[in-house]
2 protein chains.
Amino acid sequence: MAHDDTSSQRDNSSVTLQDIAAHAGVSRSTVSLVLRESPLVAEHTRDKVRQSIKALGYVYNRGAAALRSSRTSTLGVVVYDIANPFFGAMVAGIDAALNREGYVSFLANSEDSCERQRRFLERMREHRVDGILLCPAEATDPGLIDTLADWRMPCIQVLRHVGHPPFDYAGTDFHLGVCQAMNHLVALGHERIAFLGGHAEHSATRERWHGYRESLSRHGLTYQRLLRATVTRRDGFDLIQRLMSETPPPSAVVCHNDLVAFGAILGLKRLGLEPGVDCAVIGTDDVEEAELGDPALTSVATHPYAIGEEAARLALRRIANPDGAREQVVLSPRLRVRQSCGAQPRQAAFPETPTPDRQQYTPA
Amino acid sequence: MAHDDTSSQRDNSSVTLQDIAAHAGVSRSTVSLVLRESPLVAEHTRDKVRQSIKALGYVYNRGAAALRSSRTSTLGVVVYDIANPFFGAMVAGIDAALNREGYVSFLANSEDSCERQRRFLERMREHRVDGILLCPAEATDPGLIDTLADWRMPCIQVLRHVGHPPFDYAGTDFHLGVCQAMNHLVALGHERIAFLGGHAEHSATRERWHGYRESLSRHGLTYQRLLRATVTRRDGFDLIQRLMSETPPPSAVVCHNDLVAFGAILGLKRLGLEPGVDCAVIGTDDVEEAELGDPALTSVATHPYAIGEEAARLALRRIANPDGAREQVVLSPRLRVRQSCGAQPRQAAFPETPTPDRQQYTPA
DNA sequence: ATTGTTTTTTGGATTGATCCAAATCTAGAA
DNA sequence: TTCTAGATTTGGATCAATCCAAAAAACAAT
């Protein structure tokens, strides 16, 4: 039996400030001040109170504190696909940043459903969270952001944004990312480059498409194939097969995310073609699995962990200063060249970099 | 400007039960009963109150309610690696099950650090969560479970368990999973089968190892190689190379999880060997990426989404009935045969099953 | 000893709901 | 009409903290 009663408190944990106060021979208010590390309390008193707190096994009741002070030290986080490794990393970043400040977060998975998203946001309001990190579901009504503002609820949009500026936002420069991929392919001599995936419903897609079109015209390329679609592996698999049967077929494709790229690679193999040789493939996100494929996937690293950290920090800033100027934190992505774009020889080697996406990014 | 004042409430959201009561011409208590859908209230009164609630734009204050009722409709969830796709899926399952019951969850990532785990659990106690879903960090002191019991905090262990029965637990039958993999390999004619990865610090590893050893003796195999290690891709990569240089080398390996298996496949390629032909590889978890590899990874599916759902449901049951008999929900895993074990021809095809791990499991 | 500052401490009000025992209002029976 | 059982409704106490203005204590200067 592994535990013994180190602290000698009674059975139930209903020890309150009042009890501590009585035990230490001071008032409720003084104990409260000690708990909040107020400098008003004399050293000597502080010690006495601390001892009583320990002796009685007191547990701070944040609910009660929140009721009076209307600060819950709590945040709501909404993502649209927590099962996607990208969001796993992002949530880890959020968690790390919040943890440092004593905050905790509610997490919900909207599955890109506006209805689920709305329900969760309402629940968060009832829980009086101090703020919300929102990766808006596709087709989110731009008015939602105004509604949150009406609620006086600090809201940081992440990765995608809807509504009109100014709003708080943390994300990555998708436009730049696509340009990096395009530049690389052009430098390798490609002239027929297609873009796979995305709806037009949100900023993250528009930015990518804009980068694609702009790159085409900057390099004077006339071949243009932009295939709209959802962004699953299945889509990549189907789209690439359709595309390769056209005349002429593309010599390279840039994909909305790594999932689409994985699907595209599989599709090429199905056709008996060699990815990176018969058609170059570049993904977006650089999820950990990218380096494991065969061929390893060239991808635009979007640093989810860092985005999570930045978003959380921005939220804390906004909570501390609700009426401050809105901020947009846009990180710069970075192209990670591997085999699937044909630039490197195919050889199975374990990648050198330990955890590439934690530190290597540049705020724009 | 997308929003207009549909509901005509004033600027600030400090509408309380008192205000509703005044507006509807009833008492605070009655309004409270209406909000909680009590059958005590007359139909006619209920309608009147509902109208006032809508008219004034009232927002329920769960914090205040929790203070009096000591029910927060809130759960704490601790995982040790949220960036792992397995946990992404599991969290999605938890979220879905809780959402149906109006619960929300705090999520924290212990990163397998007992210190972080402890801090989070204490914070959850301060927030008065109704219960906790805990995937214990490695080397968690078994006394922790007793401590939580002292706190009278319902705690469901997930995936791993520490301490002595009885305790609440939701997970998968790792022992059976390894046996399935071993049986399959033996049926294919393998006689030299190694096991890669795992520490002895927790149940999930012990169960796997037990399955490995038991299978060996049941099939009368004398070759035995069980390599302890952490469970990253890097480990799989290193271990397989060490193993293949022995005389004789194994003809097949079963891996602690899919990450180790991915590493092993990469390691074999590095040696110029063909996974599935020169050495069969089987993973555990069947993460979505398993089917994408080349060769596609044969893996023991452990149904993370389903485990998450079951764990959450068990938690809700325990909260409703704190002194009921402890339960252990153990799902049966299922071997998904692909190319890496050499049983199927290598051919790139998009897998048929849409989302294999949501429904196909059997409670043991 | 008196006064004026500065440092600590304090009790009462407040936050917004729920709980509970008692009050009030039905409708049917005597 | 009166009584009573059952259905509704209610006000005061309570949950456990924070806020705030004012009191008390400590200290320095006159």
Side-chain angles (χ1 to χ4, degrees), chain A residues 9 12-50 52-53 56-74 102 123 125-130 152, chain B residues 9 12-50 52-53 56-74 102 123 125-130 152:
Chain A
Q9 81 269 33
N12 64 354
S13 63
S14 57
V15 179
T16 74
L17 280 199
Q18 191 66 267
D19 301 322
I20 308 285
H23 187 271
V26 297
S27 75
R28 245 173 32 264
S29 306
T30 303
V31 179
S32 177
L33 290 172
V34 171
L35 283 170
R36 286 177 289 155
E37 322 253 328
S38 162
L40 290 179
V41 182
E43 193 76 20
H44 164 254
T45 315
R46 195 198 310 278
D47 288 348
K48 215 170 39 174
V49 170
R50 288 238 172 87
S52 296
I53 286 175
L56 299 186
Y58 169 73
V59 179
Y60 187 63
N61 186 325
R62 280 176 193 274
L67 179 56
R68 187 71 238 266
S69 70
S70 54
R71 268 291 176 80
T72 57
S73 298
T74 274
R123 203 122 66 199
R125 182 148 90 127
E126 295 182 351
H127 278 284
R128 297 290 196 271
V129 293
D130 292 341
R152 323 219 82 241
Chain B
Q9 82 268 33
N12 64 353
S13 63
S14 56
V15 179
T16 74
L17 280 200
Q18 191 65 265
D19 302 321
I20 307 286
H23 187 269
V26 296
S27 74
R28 247 175 25 266
S29 308
T30 303
V31 179
S32 177
L33 290 172
V34 171
L35 283 170
R36 286 176 288 154
E37 323 251 331
S38 162
L40 290 179
V41 183
E43 193 77 20
H44 164 254
T45 315
R46 195 198 311 277
D47 289 348
K48 214 170 38 175
V49 171
R50 289 240 172 86
S52 296
I53 287 174
L56 298 184
Y58 169 75
V59 178
Y60 186 61
N61 186 327
R62 280 176 193 275
L67 180 57
R68 188 68 238 264
S69 70
S70 55
R71 269 290 175 81
T72 56
S73 298
T74 273
R123 203 120 68 200
R125 182 149 89 125
E126 295 182 351
H127 277 286
R128 298 291 195 272
V129 294
D130 292 341
R152 325 218 82 242

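- Looking only at side-chain heavy atoms (C-beta outward), B:Arg128 and A:Val59 come within less than 4.5 Å of each other.
- When every heavy atom of A:Ala66 is checked against every heavy atom of A:Thr72, the shortest pair comes out as CB-CG2, 3.7 Å.
- Counting heavy atoms from C-beta outward, B:Arg62 and B:Thr74 have side chains that stay 4.5 Å or more apart.
- For the pair B:Leu35 CG and C:dG16 P, the interatomic distance rounds to 15 Å; values are reported in whole Å.
- Here D:dT8 presents its C1' atom at 12 Å from NZ of B:Lys48, a figure rounded to the nearest Å.
- By the 4.5 Å heavy-atom criterion applied to side chains, A:Val31 and A:Val34 are not counted as neighbours.
- Rounded to a whole Å, the CD atom of B:Gln18 is 15 Å from the P atom of D:dA13.
- Contact annotation: the side chain of B:Val26 approaches that of B:Lys48 to within less than 4.5 Å [non-hydrogen atoms, C-beta and beyond].
- To the nearest 0.5 angstrom, A:Asn61 atom CG is 11.5 Å from A:Leu35 atom CG.
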Every protein N/O within reach of nucleotides 8-11 of chain C N/O, cut-off under 3.5 Å:
from   : atom 1 : to      : atom 2 : distance (Å)
C:dT9  : OP1    : A:Thr45 : OG1    : 2.3
C:dT9  : OP2    : A:Ala42 : N      : 3.1
C:dT10 : OP2    : A:Ser27 : N      : 2.9
C:dT10 : OP2    : A:Ser27 : OG     : 3.2
C:dT10 : OP2    : A:Thr30 : OG1    : 2.8
C:dG11 : N7     : A:Ser29 : OG     : 3.1
C:dG11 : O6     : A:Ser29 : OG     : 2.5

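- Summarising the geometry, atom OH belonging to A:Tyr60 is positioned 12.5 Å from atom CZ belonging to B:Arg123; distances are rounded to the nearest 0.5 Å.
- Note: A:Leu56 CG to A:Thr16 OG1 = 9.5 Å, rounded to the nearest 0.5 Å.
- Listed by residue number, the members of residues 62-73 of chain B with any heavy atom below 4.0 angstrom from DNA chain D are B:Leu67, B:Arg68.
- Between B:Ala64 and A:Leu67, the shortest heavy-atom distance links the atoms CB-CD1, 3.7 Å.
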Under-3.5 Å N/O pairs linking protein and nucleotides 21-25 of chain C:
none

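- Closest to the side chain of A:Asn61, out of C:dC19, C:dG16, D:dA17, is D:dA17.
- Note that the CD1 atom of B:Ile20 and the OG atom of B:Ser27 stand 13.0 Å from one another [nearest 0.5 Å].
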